[in-house]
Amino acid sequence: MSGMRRSPRPPHGPVAIASSPWIVVGAGVVVMVVLVFVAMGAYRGRSPAPDGARPPALPVPSAVVVAPSVPTSVPSPVPVLPGLSGRANGLPPSATALSGSPSAGPTVGGAGRPTAARSPSRAAQGQPAMSGRYRVVQSFDGGFIGEVAMVNASARSRGWTVRLEFSGGRLVTAWVEGVPQGTIDRSDDGFTYVSGVEVSPGGSVSLRFHMERASSTPRGCTVDGVRCGGF
């Protein structure tokens, strides 16, 4: 028994680790791998902003626009002068209706409202109801085309009669454009044209005629017996 030897026991604790260096190396590798995974997880947990992204804009309060107040008061009408119409001077119809002749003055109607006095027409003031003006429209070899332009200055529709006298010559035709034609009465020294349609108050009409071998200046031109102008 005394001659038998005991086998040596393996070392324990730090002595065993020191005697086995590969254990230290393996533990270091494991620690490094763990640290790498932890770092990668922390990096992936971050949410970097995409390229070109802009920070959200702060809301800007909208400006409140206040429209300027418009005065609602209406200016008083301009005094109306006698003889001027509201349409020609831009005056309101009410101001024109209340204006009257300075000599006659406004009259009071049955309802107690002033009414305007009517101004006399031009025919009542001495001017003819139908006035005419003579002119030559076109001249050519052997004749010409003349015209008598007329205006109705009366307050009612009227017919008319034109008398033209020439030294010689011959009337080819006479006409009024766009209206029913009248009647022509020829004579040795001219012709007479009686209208076929009346002219409304303030309206106008033109009689044209073709003369041959006659002077373009007539000896006489009348509208309803009143001498024409223009020659």
Side-chain angles (χ1 to χ4, degrees), residues 1-102 105-119 137-138 147 149 151-152 155 157 176-180 197 199-206 208:
M1 298 294 289
S2 60
M4 299 178 63
R5 293 182 180 179
R6 296 180 179 179
S7 58
R9 296 179 179 181
H12 297 280
V15 178
I17 295 174
S19 61
S20 302
W22 59 270
I23 296 177
V24 177
V25 175
V29 172
V30 171
V31 172
M32 290 180 63
V33 171
V34 172
L35 292 176
V36 170
F37 275 99
V38 172
M40 291 179 64
Y43 179 77
R44 289 181 180 180
R46 297 174 58 186
S47 56
D51 296 339
R54 296 180 179 179
L58 297 177
V60 179
S62 59
V64 179
V65 179
V66 180
S69 60
V70 179
T72 57
S73 60
V74 179
S76 59
V78 181
V80 180
L81 299 178
L84 300 181
S85 62
R87 178 178 299 177
N89 297 276
L91 302 178
S94 59
T96 308
L98 295 179
S99 64
S101 173
T107 59
V108 178
R113 292 173 295 182
T115 58
R118 292 185 178 180
S119 59
V137 177
Q138 182 181 1
E147 177 187 75
V151 178
N152 182 7
S157 298
V176 179
E177 296 181 357
V179 298
V197 63
V199 183
S200 60
S204 61
V205 65
S206 295
R208 290 192 175 185

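This one's a predicted model, so the numbers in the text were calculated from it and none came from an experiment. Just so you know, residue 1 is the first one in the sequence shown, and it goes up from there.
With contacts defined as side-chain heavy-atom distances shorter than 4.5 Å, the pair V137/R208 qualifies.
Across S200 and S157, no two heavy atoms sit closer than the pair CA-OG, 3.6 Å.
No side-chain donor-acceptor contact under 3.5 Å links N152 to the backbone of G202.
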